[in-house]
4 protein chains.
Amino acid sequence: MPERRRGAVRSEAARTSILTATARLFAERGYDHLSIESIAAAAGVGKQTIYRWWPSKGFLVAECLLEGMLLPERLEPPDTGDLRTDLISWLEEIFRVLESPNGEGLMRSLIAAAAENDEVGKRLGASLGGLSLMSRINAQDEASGISPGAAREIVEALVGAVVMRALSRTPIESGDAERLVQAVLGVAVS
Amino acid sequence: MPERRRGAVRSEAARTSILTATARLFAERGYDHLSIESIAAAAGVGKQTIYRWWPSKGFLVAECLLEGMLLPERLEPPDTGDLRTDLISWLEEIFRVLESPNGEGLMRSLIAAAAENDEVGKRLGASLGGLSLMSRINAQDEASGISPGAAREIVEALVGAVVMRALSRTPIESGDAERLVQAVLGVAVS
Amino acid sequence: MPERRRGAVRSEAARTSILTATARLFAERGYDHLSIESIAAAAGVGKQTIYRWWPSKGFLVAECLLEGMLLPERLEPPDTGDLRTDLISWLEEIFRVLESPNGEGLMRSLIAAAAENDEVGKRLGASLGGLSLMSRINAQDEASGISPGAAREIVEALVGAVVMRALSRTPIESGDAERLVQAVLGVAVS
Amino acid sequence: MPERRRGAVRSEAARTSILTATARLFAERGYDHLSIESIAAAAGVGKQTIYRWWPSKGFLVAECLLEGMLLPERLEPPDTGDLRTDLISWLEEIFRVLESPNGEGLMRSLIAAAAENDEVGKRLGASLGGLSLMSRINAQDEASGISPGAAREIVEALVGAVVMRALSRTPIESGDAERLVQAVLGVAVS
DNA sequence: GGCTAATCGAGACGGTACGTCCCGTCTTTAG
DNA sequence: CTAAAGACGGGACGTACCGTCTCGATTAGCC
């Protein structure tokens, strides 16, 4: 027996409008300066309805991230067969986001959220496409010159480099994606 | 004549006790939850004295970082001549900090500060030893198999990987430093 | 035919446990700090069940008052034939309630409820025994030296004096009941 | 030495506008429905400025009462030499306030405040003129037929009767003041 | 027996207000 | 002119309740 709960059921309309409002305000104002109060007001919802389902704004942002409401596109690496080229395309896509208006601010907000909230932290890498990338590399281990089991380290290094770019406020220059892949993947795979 | 301003001069005692209090509270409570009010109280100082000299708590933290009051040790890579070994030692040192009690929390607080404040962001990499590492690699370019001009990318990738570790809440395992260096520097340099 | 409604009938168990819970919480926490939510929880009842039958907590308290669940005893004046003595006994009884632990708080809660809710207000005097006292005095008018038709004023003055005692936080001293009757009834009736 | 305190001094402007706003909102909305938040907004003041100086809205109302900002007129009994006539005039004045638009509501709000807050409770009687009346009666003890030391009881009874009128929602009729004085002062003084 | 209607418990919902924390600014007194 | 102290207007926090509503379950008269 599924042990039915009693009482009114959770309102999907409220949930949706809260997440939408969160995503919008996150993009507009950044993670700091994002307040539960303003989310509630923008969503046309009582504050308690937010606190009933999410412990803090960090988890709200985490759920938005999971639903793909924060990043403008699906940042998955393409698969043309040539890993190196795919990596470069992928990084260039990410860099393009970073260079878009307020793109860096959005990324830094994401980092701030990841620093404060466990859920966001655990999902940050995957949201940038790291997860599918890892399994992709793992599958190709033998075929490429990459040492086996290094997938995690490579992805960590590449995503980490992107994060450092956002944190260090260094402007991105053309060719950066290629140089980065070159540095991490090494000469051997060229 | 050096054009001395009239009136009382800035109190060094106040400055020091403010920075000390900031560093202590930063370590205890993290970047969020760090408040100017509590710093002033802990330092035995009026709030105005803080606002007179620093624009926000971010800059306070930046100055602490610059003075080496936030990280427990000097995180400079050693120089034994063997770059690969030095990198591993350096990363192991950083990982050791991460594994110390609240070490990860401290690192995440640093990242949060870097995400919010430009100064902290610009200095984060250097504070972890990235700056001296870069010049070291640049100097050795020809000697090693590293492609010329890749120093920045390599350091970015390594430091970035560390940052991702802290953000993703992945526990560190023995050998991780070596694997990371292996992945980034590639087989060719072994 | 009494035009019976269809559907389930009002649950007497719910009604009783609501009133009991109300009376208990009223005594424990006072009229302010008394919440429908806590009554419902204490009574093991849904909030709607309360709102279905009572418009507000004021009416709940009014019904408790009417059922004698709020005041510890029946505060009716005795009837020995000697009005003056009876009045003194009655006031002494009320004063005894006031002096009991939290007795004054209870009385003030009752006054607060009376100030907010019409029903409670109209019943307050009667609950303290004023109603039966009035008819008693009216019946004795000629026999005593009391001017005819003054019953209402006398009762109002006596009960009012008790209320003022509770409001003014003046401690009660022995003999107060007698002095009060003396002041209101005057020397002529002694 | 007067042990001078440091730091900015309390703003009289803020204090005044808070009390004015309190008095206005008290008259408009009553003691329940009076909220610190609305007072702060109406006074153009931060909530903390209220909480810094008053523990609760009860004390705010108490201070307004003390400054005579709540009751429309000075409700002191006149002194023509004839106590009975003066008492009647005084009660008629109070009854006139009760009969004015929202006058009864104001009185009940005052009673509610008195029931909740000690300060208001202690001052309620005095604010209605009870204090000056008591000393007046005491001074005349021998001259009148009033038993010595009965001043407090008489005032308590009279003011209490007024309070009961407000609580019981009984409409006031012409001659009520006289009947009340008659009942309390007795035939002897007629 | 099935239908309809009312009740009950539970509890989600949009709101208001609470009392607290902290912001960044301003004011006061002391050195 | 700096400094400690601290009051100020304001924004947001997370919590408590308000009164309404929506559920599923139960109960009782009616066809």
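When reading the values below, keep in mind they use all heavy atoms of this one structure, side chains included, and skip hydrogens, waters and symmetry mates. Naming: A, B, ... by sequence-line order, numbering from 1 per chain.
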> Residues in salt bridge (charged side-chain N to carboxylate O under 4.0 Å, His left out) with A:D118, at least two apart?
Replying inline: B:R169

> Nearest-Å distance, CG (B:D32) to C1' (E:dC23)?
Replying inline: 15 Å

>> Tell me the interatomic distance from D:I39, atom CD1, to F:dG9, atom C1', rounded to whole angstroms.
In response: 17 Å

> CD of A:E12 versus P of E:dA12: gap in Å, rounded?
Replying inline: 15 Å

> Hey, what do you get for CG (B:L65) to CZ (B:F26), rounding to the nearest 0.5 Å?
Replying inline: 8.0 Å

> Out of F:dG6, F:dG9, E:dC13, which nucleotide sits closest to the side chain of D:A8?
Replying inline: F:dG6

> Nearest-Å distance, CZ (D:R10) to C1' (F:dA5)?
Replying inline: 17 Å

>> Strictly below 4.0 Å: does B:W53 bring a side-chain N or O up to OP1 or OP2 of F:dA3?
In response: yes

>> Looking only at side-chain N and O atoms, does B:R29 offer a donor or acceptor that is under 3.5 Å from a partner on B:S35?
In response: no

> What integer distance in Å separates C:R6:CZ from E:dG2:P?
Replying inline: 17 Å

>> Which residues pass the side-chain hydrogen bond (donor to acceptor under 3.5 Å, both in side chains) test with C:R52, not counting sequence neighbours?
In response: none

> Separation of B:I50 atom CD1 from F:dA5 atom P, in whole Å?
Replying inline: 12 Å

> OP1 or OP2 of F:dA7 less than 4.0 angstrom from a side-chain nitrogen or oxygen of D:T49, does that happen here?
Replying inline: no

>> Test: side-chain hydrogen bond (donor to acceptor under 3.5 Å, both in side chains). Region: residues 54-71 of chain A. Which pairs qualify, not counting sequence neighbours?
In response: A:R15-A:E63, A:R15-A:E67, A:W54-A:E63

> Can you name the residues that form a side-chain contact (heavy atoms from CB on, under 4.5 Å) with B:N102, not counting sequence neighbours?
Replying inline: none

>> Without decimals, in angstroms, what is the distance between A:I18 CD1 and E:dG14 P?
In response: 7 Å

Where do N or O atoms of nucleotides 16-18 of chain F meet protein N or O atoms at under 3.5 Å, pair by pair?
unit_1, atom_1, unit_2, atom_2, d
F:dC18, OP1, C:I36, N, 2.9
F:dC18, OP2, C:I36, N, 3.2
F:dC18, OP2, C:E37, N, 2.9

>> Both C:S56 and D:G44 contact DNA chain F. Taking the nearest nucleotide for each, which residue is further toward the 5' end?
In response: D:G44

>> Here's a test of your reading of the structure: between D:V9 and A:R52, which maps to the more 5' nucleotide of DNA chain E?
In response: A:R52

Indicate every side-chain donor-acceptor pair of residues 41-50 of chain C with a distance under 3.5 Å to a residue at least two apart or in another chain.
unit_1, atom_1, unit_2, atom_2, d
C:K47, NZ, C:E37, OE1, 2.8

